[in-house]
Amino acid sequence: MKVLLDASYSVVDGKPTIDLFYKPESDIEDKQLVSVKDFDPYFYAIPSLGSDADVLIDALKEANFPQIKKLEKVRLIDMKDEKDVVKVVTLLPKNVPEIRDRIGDMRQCREVREAAIRFTQRYLIDADLTPMKGVADNKPRIASFDIETYHAGGTGEPILMISYADTKGLEKVWTYKNTSELDFVETLADEKEMIQRFMDTVKQQKIDILLTYNGDNFDFGFIKDRCDKYGIPFILGADGSQVKLERRGMDMGARVTGRPHVDLYPVCRRVFNLPRYTLEDVYASIFGEEKRDINVEDIVPFWDSGDPEKLAILFDYSMEDAKACLKIGLEVLPLEYELSQLIGQPMFEVSRMSSGNKVEWLLMRRAKGEGLIVPNRPDDREMRERALGKYEGAYVVEPDKGIHENILVFDFKSLYPSIIIAHNVDPATINCDCCKAEGDAWVSPSGARFCKKKKGFVPGVLEDVIKSRTRTKIELKKLRELNSQDKVGEKMLDAKQLALKILANSFYGYMGYARARWYSRECASAVTAWGRDYIKKTIEKANAEGMKVVYGDTDSLLITLPEGLDEKAVLKRKNEFLSRINKALPPAMELEFEGFYTRGLFVTKKRYALMDSNKKLTVKGLETKRRDWAIIAKRTQEEVLRTVLWEKNPEKAAEIVKATIQDLRDKKIPLKDLIIHTQLTKNLGQYANVAPHVYAAKKAQKRGKTIHAGDVIQYIITRRGKSISEKAEMLGFVDENDYDAEYYINNQLLPAVMRILEALGYKEEELKGLGRQMTLGGFS
DNA sequence: TACCAGAGGAG
DNA sequence: AAATCCTCTGGTA
């Protein structure tokens with residue numbers, strides 16, 4: 001089956017034309033272009049209350065807009081009401097923004113709808129076309145590239161080399177100065193020829209998907225500037241078109257027509273949870289091996305030296321970058337393929353889409369199928385008003401602090417999605433006219449009423465997503481049980497169920513999101529109200545059965561049973577509890593058994609650790625899990641947790657801490673274990689308080705380092721300065737051993753480990769006093 | 001010492 | 001540019 005990779009439109013002979021780019025089944029053929037000329041742009045005009053569709057049509061005819069091709073009366077459903085609206089068909093896509101406001105302002109028109117949907121995206125919905133469908137059996141030809149540039153602080157500096165790797169096995173570094181003998185390096189006459197070679201190769205290799213790492217904000221723009229300098233077009237499009245650099249909010253997006261460009265940097269930021277997102281960090285976290293890296297400051301001197309060995313290092317590094325980018329792409333693309341299919345939009349858009357927009361595009365596509373008219377996005381005033389409307393969220397149980405043994409963990413399976421489905425929570429069916437009598441509607445603890453007679457649109461779509469995920473998981477399980485060699489098939493199914501899970505979990509947040517078309521604070525607040533209700537009632541039942549709820553958060557319950565039960569009795573109690581709870585729940589909802597833990601330590605809400613019988617440690621919220629704490633504190637805290645939870649040996653834990661304190665004082669700890677990662681969430685000038693990471697970044701900026709909002713600052717606390725902020729220095733400006741041992745002892749190590757030891761009844765002085773007093777023989 | 005801004009995690 | 005709940009640090013008055 002051929003795969004729809006991308007869509008675009010152009011105006012040919014004054015007529016809008018949709019171009020569809022397909023990858024054919026054969027790998028040796030280039031893309032197929034299908035042009036569609038019979039689709040016209042349109043939007044809807046809703047008649048005023050005192051008016052109707054016919055009157056509005058007459059008024060529109062009277063107004064005689066030259067842009068209008070056709071006016072049609074169509075019957076559609078607008079939230080609760082079915083009504084006649086006017087479909088305004090225009091000659092060209094640009095006509096829509098030209099006339100929508102003027103029509104919306106007409107006396108006979110209440111408002112216009114669906115007038116801010118891009119023409120190509122509109123077409124994919126209306127034609128019911130699904131990008132990336134069939135990709136499991138017809139793999140795209142993927143290429144990645146990366147550039148190295150001459151950066152000595154000047155402007156208009158050149159590209160030194162372009163590295164390239166594709167799934168056909170071609171690996172190249174193109175340059176124009178080479179004394180090395182590396183076989184993958186090809187030397188061109190000059191920079192312009194090098195760029196030309198790159199563009200030609202993408203075309204010759206018939207590449208379907210282009211990958212970069214931060215290409216949106218760096219590589220594409222840089223190459224474009226160099227092309228402009230040489231007066232050559234930057235052509236990469238499958239239709240021979242130039243790369244389009246688009247503004248997307250704060251950032252840029254580099255669009256390549258027909259060969260979707262996926263920038264893996266924003267994708268990885270969404271998919272992985274890491275302290276930093278450099279190519280090297282992401283590579284190491286996925287593949288568990290270090291990728292060769294180079295000091296960026298070496299690039300210019302190495303290049304200028306002309307030394308064969310130094311140039312070879314640059315080429316090697318550059319080649320590794322392109323290869324790593326391709327390898328990461330092969331890992332994360334399956335999820336993007338599936339999201340693209342599910343949402344029904346091209347990969348260029350989907351790979352850059354927020355979760356809110358993902359849900360919205362799915363809803364918009366389904367709305368078309370069900371004859372619904374899409375609500376508008378709120379204007380700024382409306383949006384701000386919505387954002388002010390706060391509502392109550394989840395319930396968190398105050399933990400019974402300290403150590404507990406034999407902990408059973410239960411949680412509600414997809415709590416919020418299941419509530420939305422079970423109680424038909426929908427912005428259109430809320431407070432419906434058909435369920436006014438008592439007992440006719442689902443009534444949430446927040447007081448909102450939801451229709452029992454007609455399934456709502458939003459819960460309907462969500463139910464389909466959940467059902468699809470259930471089917472996918474069954475398929476995946478079957479495939480795995482067959483012990484098949486179809487690892488690609490497994491990967492695609494796993495990506496599919498994950499894509500469906502991501503989407504399902506976004507529905508609740510979407511309804512409470514101020515920019516949402518299907519916004520409903522009442523719905524979002526009804527969902528959390530039911531959530532609190534279900535968890536609290538479950539806690540009551542557990543207590544009534546003689547079990548003790550040690551902790552719980554939103555949808556989970558951590559309980560202990562009375563002491564002295566054998567394994568069989570525990571199992572029996574567990575199953576009885578589950579079936580009793582589930583019998584009382586609506587069919588869409590389910591309480592599940594998550595697992596059994598031999599021991600657990602509870603510090604505060606959202607901060608605890610569990611240990612299972614396989615010695616597997618699960619930590620939540622504690623410093624170990626946070627990127628804004630130094631490794632030395634995190635690692636020691638984890639060691640303490642293991643020692644306390646597994647070996648039940650607090651004295652040994654204390655010894656570990658004391659040894660680490662000594663190592664810090666003796667300057668035996670390497671700098672890399674002392675780095676603190678903190679993100680700059682705004683520009684340096686916008687901070688009210690100068691926190692350590694801000695101060696460190698400011699100093700680094702003064703010394704010539706480029707700093708942006710969004711950067712993750714890596715810093716060390718040194719001995720130079722008075723306040724902690726003054727002592728903070730970015731990595732790269734600190735020598736080994738140039739750290740403030742007392743800071744790391746008192747503000748990093750001790751707080752992290754004392755959190756644990758204090759929960760066991762130890763005092764900080766006992767640790768500092770080298771433990772003579774530490775006589776507790778375990779814990780009780 | 002009390003309070004605030006800011007960050008990052010849980011679910 | 002999905003929601004709220006929650007803890008904790010370092011700066012500031």
Side-chain angles (χ1 to χ4, degrees), chain A residues 248-251 266 270 273-275 352-360 363 377-378 380 383-384 386-387 389-399 409 411-417 420 502-521 523-529 531-532 535 551-558 594 603-608 618-629 633 676-682 686-695 710 712-713 717 722-728 743 746-748 751-752 754-755:
Chain A
R248 299 179 72 88
M250 296 250 292
D251 294 325
R270 270 194 278 270
N273 179 17
L274 301 172
R352 291 163 181 76
M353 239 179 230
S354 62
S355 7
N357 277 323
K358 286 190 180 101
V359 173
E360 192 148 282
L363 290 174
R377 287 219 182 102
D380 277 5
M383 199 210 73
R384 273 195 294 273
R386 287 178 178 184
K390 298 280 179 242
Y391 62 93
E392 194 179 342
Y395 173 65
V396 186
V397 180
E398 185 63 49
V409 180
D411 52 32
F412 283 93
K413 186 176 174 182
S414 301
L415 178 68
Y416 288 174
I420 293 170
I502 290 168
L503 268 175
N505 286 338
S506 306
F507 272 64
Y508 148 71
Y510 174 78
M511 288 196 286
Y513 171 43
R515 311 186 90 97
R517 292 174 190 266
W518 278 272
Y519 170 82
S520 171
R521 188 167 59 91
C523 286
S525 125
V527 171
T528 54
R532 293 191 299 275
I535 190 92
Y551 182 59
D553 186 349
T554 312
D555 58 356
S556 64
L557 286 177
L558 284 70
E594 191 270 335
V603 178
T604 58
K605 285 179 176 179
K606 300 188 187 281
R607 289 161 70 86
Y608 61 96
T618 306
V619 181
K620 300 290 178 184
L622 293 171
E623 285 70 16
T624 300
K625 297 273 280 186
R626 296 179 64 96
R627 71 173 176 189
D628 55 355
W629 282 73
I676 300 166
H677 296 87
T678 310
Q679 191 178 26
L680 274 181
T681 56
K682 44 178 109 177
Q686 293 166 324
Y687 280 91
N689 292 346
V690 184
H693 69 296
V694 180
Y695 207 102
V712 177
I713 305 299
I717 301 301
K722 278 183 73 184
S723 68
I724 295 168
S725 279
E726 284 172 35
K727 290 177 173 188
Y743 170 84
N746 294 314
N747 298 41
Q748 293 278 327
M754 286 318 296
R755 220 86 71 193

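Please read all numbers here as calculations on a predicted model, not as lab measurements. To find a chain, count down the sequence lines: A is the first, B the second, and so on, and within it residues start at 1.
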For [X] and [N], is the shortest distance between a side-chain N/O and OP1 or OP2 below 4.0 Å?
{"X": "A:Tyr608", "N": "C:dT7", "answer": "no"}
{"X": "A:Thr681", "N": "B:dG6", "answer": "no"}
{"X": "A:Asn747", "N": "C:dG10", "answer": "yes"}
{"X": "A:Lys682", "N": "B:dG6", "answer": "yes"}

Atom-pair distance (CZ on A:Arg626; P on B:dA7), nearest Å: 12 Å

[X] side chain, from C-beta outward: closest of [options]:
{"X": "A:Arg627", "options": "C:dC8, B:dG8, C:dG11", "value": "B:dG8"}
{"X": "A:Tyr687", "options": "C:dT7, B:dA7, B:dA10", "value": "B:dA7"}
{"X": "A:Tyr391", "options": "B:dC4, C:dT4, B:dG8", "value": "C:dT4"}
{"X": "A:Arg607", "options": "B:dG8, B:dA10, C:dT7", "value": "C:dT7"}
{"X": "A:Trp629", "options": "C:dC6, C:dT4, C:dT9", "value": "C:dT9"}
{"X": "A:Tyr513", "options": "B:dA7, C:dG11, C:dA2", "value": "C:dA2"}

Return whichever of A:Glu392 or A:Ser506 has its heavy-atom-nearest nucleotide of DNA chain C closer to the 5' end. A:Ser506

Select base, sugar-phosphate, or nothing to describe what [X] touches, counting heavy atoms under 4.0 Å on all strands.
{"X": "A:Val694", "result": "nothing"}
{"X": "A:Ser556", "result": "nothing"}
{"X": "A:Lys606", "result": "base"}

